[in-house]
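Structure first, commentary second.
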Amino acid sequence: VVIYNVTMKALRRGKQWDLVEELLQEMLSRSIQPDNITYSTVISCARRCDLPHKAVEWFERMNKSGCVPDEVTYTAMIDAYGRAGKVQEALHLYERARADGWRPDAITFSILLKMYGIAEDYDGAHNTFQEMKALGVAPNLITYNTMLDAIGKAGRPSMAKALFKEMIDVGLTPNQVTLTSLLRIYGKARWADDALKLWERMKEEGWATDLILYNTLLSMCADIGRFEEAERLFQEMGESENCKPDSWSYTSMINIYSSGGQVEEASNMFNKMIEAGFKPNVMVFTCLIQCYGKAKRFDDVVRVFNLLLDEGIFPD
RNA sequence: UGGACGUAGAUU
């Protein structure tokens, strides 16, 4: 059983649903009894592959086979329901598990918060967060991050700011995910002061950055109209070891220049992007065409449009 | 051996 479980876990990383299901079938045909570890792995694989009905199918077969779900299997299944937008089913299962005497942990609550976030149900998320605390379950870093994201979807920057303060106060150290969510929220809300202050603080505290965080900083600069900072940042990325600009970074820069009417810069960045081996997508092309249009450089409009056709790209 | 989190852009 252990060998099978380990193999499935490895396959799950590559979202190889078919292979996982095949393995499980093989286990059954050889009368090797799958356990909770097997089923939770299978169920979480199904949800990562966006196959919630498969998760349900195997959860039911598990119950029929007489294997009693444990807490991990329950949470994996609740997660599968949550991702599929089946809030009622998820809550029902949660209640059922609780009736069985199960004490939910921080992971369970994070999953429920994620579900409400996807459903854009801020009140649901808020109530769950309160309930969690009332039950004496301490939110961890991921719980806070998930809650931040739910707040972000609801577009409530002041709540986000308060939550961030709370997590620092309870002694947690924000990671890249935390900072990415928060900067995105501030940027979208055009809270330039808070965004820039947070950026300063990141540097002072020496909080680690990664590529996604850099890219978020770039688009945050775009949101609050700070293209000089974006340029510095982009250069810093180029000089960095592990955060070299990727296609998102180039695209952000092109957008920043384009929205500021800086045609030359946008067009240079576009060339650099191609030189660096990235393929621009429709959005980049549209953006550039618009930019040339505004500058009345119609020959360039036509040139880029033909380039687009050469690439065989069409709007979605 | 098993469960949870983050990034852009089209005439807003």
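Naming convention: chains lettered A, B, ... in sequence-line order (proteins, then strands); numbering from 1 in each chain. No experiment lies behind these values; they were computed from the predicted model shown.
If you check every strand for non-hydrogen atoms under 4.0 Å, A/Thr178 touches nothing. Within the nucleic acid shown, A/Lys153 has no heavy atom closer than 4.0 Å to any nucleic acid atom. In this structure, A/Ser219 reaches the sugar-phosphate backbone alone: every heavy-atom distance under 4.0 Å involves primed, P, OP1 or OP2 atoms, never a base. Residue-level contact check: A/Ile254 touches neither bases nor backbone, having no heavy atom under 4.0 Å from any strand. Using a 4.0 Å heavy-atom cutoff across all strands shown, A/Val72 reaches at least one base atom of the nucleic acid. Within the nucleic acid shown, A/Asp79 comes within 4.0 Å of sugar-phosphate atoms alone, with no base atom in reach, counting heavy atoms only. Base contact: A/Thr73 has a heavy atom under 4.0 Å from a base atom.
Residue A/Ser252 has its side chain nearest to B/A8 when only B/G2, B/G9, B/A8 are considered. With distances taken from any side-chain atom of A/Ile107 to the nucleotides B/G9, B/A4, B/U7, the minimum falls on B/A4. Picking from B/U7, B/G9, B/G3 the nucleotide with the shortest atom distance to the side chain of A/Ile212 gives B/U7. Considering only side-chain atoms of A/Gln176, the nucleotide from B/G6, B/G3, B/G9 that sits closest is B/G6. Of the candidate nucleotides B/A4, B/G2, B/U1, B/A4 has the atom lying nearest to any side-chain atom of A/Ile142. For A/Ala76, taking side-chain heavy atoms from C-beta onward, the closest of the listed nucleotides B/G2, B/C5, B/G3 is B/G3. Checking B/G6, B/G2, B/G3 against the side-chain heavy atoms of A/Ile37 singles out B/G2 as nearest. If you check B/U7, B/G2, B/U1 against the side chain of A/Arg184, the one that comes closest is B/U7.
For the pair A/Ile111 CD1 and B/C5 C1', the interatomic distance rounds to 11 Å; values are reported in whole Å. Protein atom CD1 of A/Ile151 is 13 Å distant from nucleotide atom C1' of B/C5, rounded to whole Å. Atom OH of A/Tyr250 and atom C1' of B/U7 are 17 Å apart (whole Å). The CG-C1' distance, from A/Asn175 to B/A4, rounds to 13 Å in whole Å. Following rounding to the nearest Å, A/Phe234 (CZ) and B/A8 (P) show an atom-to-atom distance of 18 Å. Rounded to whole Å, the distance from CG on A/Leu172 to C1' on B/C5 is 13 Å. For the pair A/Asn140 CG and B/G3 P, the interatomic distance rounds to 15 Å; values are reported in whole Å. A straight line from CG of A/Leu182 to P of B/U7 spans 13 Å, rounded to a whole angstrom.
The shortest distance between the side-chain N/O atoms of A/Lys9 and the OP1/OP2 oxygens of B/G2 is below 4.0 Å. For the OP1/OP2 pair of B/U7 and a distance below 4.0 Å, the side-chain nitrogens and oxygens of A/Lys188 include no atom meeting the criterion. Within the 4.0 Å cut-off from OP1 or OP2 of B/G3, not a single side-chain nitrogen or oxygen of A/Arg47 is found. For A/Arg83 and B/A4, the shortest distance from a side-chain N or O to OP1 or OP2 is not below 4.0 Å.
Taking 3.5 Å as the limit, the base of B/A4 and the side chain of A/Asn145 contain no donor-acceptor pair of atoms between them. A donor and an acceptor atom never sit less than 3.5 Å apart when one is taken from the side chain of A/Asp35 and the other from the base of B/G2. Contact of A/Asp105 with B/G3 (side chain to base): a donor-acceptor pair of N or O atoms is detected under 3.5 Å. A donor and an acceptor atom sit less than 3.5 Å apart, one in the side chain of A/Ser110 and one in the base of B/A4. Judged by distance alone, with hydrogens and angles left aside, A/Ser181 brings no side-chain donor or acceptor close enough to the base of B/G6 to form a pair under 3.5 Å. With hydrogens and angles ignored, no donor-acceptor pair under 3.5 angstrom links the side chain of A/Thr41 to the base of B/G3. A/Asp70 contributes a side-chain N or O that forms a donor-acceptor pair with the base of B/G2 under 3.5 Å.
Residues A/Arg61 and A/Glu21 are not paired through a salt bridge, judged by the lack of any N-O separation under 4.0 Å between the basic side chain and the carboxylate. Ion pair A/Glu60/A/Lys64 not flagged as a salt bridge, since none of the NZ, NE, NH1 or NH2 atoms sits closer than 4.0 Å to an Asp/Glu carboxylate oxygen. Taking a cutoff of 4.0 Å between a charged side-chain nitrogen and a carboxylate oxygen, A/Glu229 and A/Arg232 do not qualify as a salt bridge.
Applying the side chain to side chain donor-acceptor pair (under 3.5 Å) rule to pairs touching residues 267-288 of chain A yields A/Ser267-A/Tyr292, sequence neighbours excluded. Counting only residues at least two apart or on different chains, the ring pair (Phe, Tyr, Trp, His ring centres under 6.0 Å) pairs with a member in residues 63-100 of chain A are A/Tyr74-A/Trp102.
In this structure the side chain of A/Arg98 reaches within 4.5 angstrom of the side chain of A/Arg103, judged on heavy atoms.
Judged purely by distance below 3.5 Å, without hydrogens or angles, the side chains of A/Asn175 and A/Thr178 pair a donor atom with an acceptor atom. Residues A/Asn255 and A/Ser252 have side chains that never bring a donor and an acceptor to within less than 3.5 angstrom of each other.
Ring-to-base geometry does not place A/Tyr39 in a stacked arrangement with B/G2 (centre distance under 5.5 Å, plane angle under 30° required).
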